[in-house]
Amino acid sequence: MKIPNKKLLFKSLVYDAVGMASSAVPLVGPFLDLAWAPYAAKKMSEMFPGKKGKFASVLVFLEEILPFTDVIPSFTLMWLYTYVWKKQTAPEGQTIEVELV
């Protein structure tokens with residue numbers, strides 16, 4: 001099994017975890033989302049360039065700013081859409097092979 005662009009997948013998982021962690025902080029969490037939402041949208045458009053990235057950055061901004069939607073793993077879903085469901089090839093040297101035992 002090949003995992004394309006492993007670093008981008010790791011960054012996606014970290015950004016999703018940070019976005020979800022803000023909802024765990026009582027009373028302060030919604031205010032953290034006010035700062036996190038624009039940053040997450042910027043990072044989404046940088047990580048996934050083009051029209052898909054711009055559309056995803058709008059979605060991640062809305063997902064982070066709206067209450068009770070922080071549990072959606074937007075970055076990871078975008079990575080899956082880009083590299084698994086649409087099967088975009090990663091640049092040379094960024095694909096690894098993983099054997100499942």
Next item on the list: Could you identify which residues cluster with M20, counting Ile, Leu, Val, Met, Phe, Trp and Tyr as linked when any side-chain heavy atoms lie under 4.5 Å apart, either directly or through a chain of such contacts?
Entry: none
Notebook entry, point to check: Are V25 and L34 in one and the same hydrophobic cluster, where Ile, Leu, Val, Met, Phe, Trp and Tyr link if side-chain heavy atoms are under 4.5 Å apart?
Noted result: no
Checklist line | Sequence-distant partners of L59, side-chain contact (heavy atoms from CB on, under 4.5 Å), two or more places apart | finding: F55
Notebook entry, point to check: For K11, which residues count as a side-chain hydrogen bond (donor to acceptor under 3.5 Å, both in side chains) partner, sequence neighbours excluded?
Noted result: none
Next item on the list: Establish whether L80 and M47 are linked, either directly or via other cluster members, by ILVMFWY side-chain heavy-atom contacts under 4.5 Å.
Entry: yes
Notebook entry, point to check: Pairs in or reaching into residues 21-41: which pass side-chain hydrogen bond (donor to acceptor under 3.5 Å, both in side chains), with residues at least two apart or in two chains?
Noted result: S22-D33
Check: Do the non-hydrogen side-chain atoms of W79 and F48 ever get within less than 4.5 Å of each other?
Finding: yes
Checklist line | Pairing residues for S57 by the side-chain contact (heavy atoms from CB on, under 4.5 Å) criterion, not counting sequence neighbours | finding: A41, M44, S45
Checklist line | From CG (L8) to CZ (F75), nearest 0.5 Å | finding: 10.0 Å
Check: Are any non-hydrogen side-chain atoms of K43 and E46 less than 4.5 angstrom apart?
Finding: yes
Using distance only, find each side-chain donor-acceptor pair of residues 65-74 under 3.5 Å and give its atom names and separation, not counting sequence neighbours.
residue	atom	partner	partner atom	Å
T69	OG1	E63	O	2.3
T69	OG1	L66	O	3.0
S74	OG	E63	OE1	2.6

Notebook entry, point to check: In terms of hydrophobic clusters joined by side-chain contacts under 4.5 Å, are L32 and V60 together?
Noted result: no
Notebook entry, point to check: Same cluster or not: are Y81 and L13 linked, directly or through other Ile, Leu, Val, Met, Phe, Trp or Tyr residues, by side-chain heavy atoms under 4.5 angstrom apart?
Noted result: yes
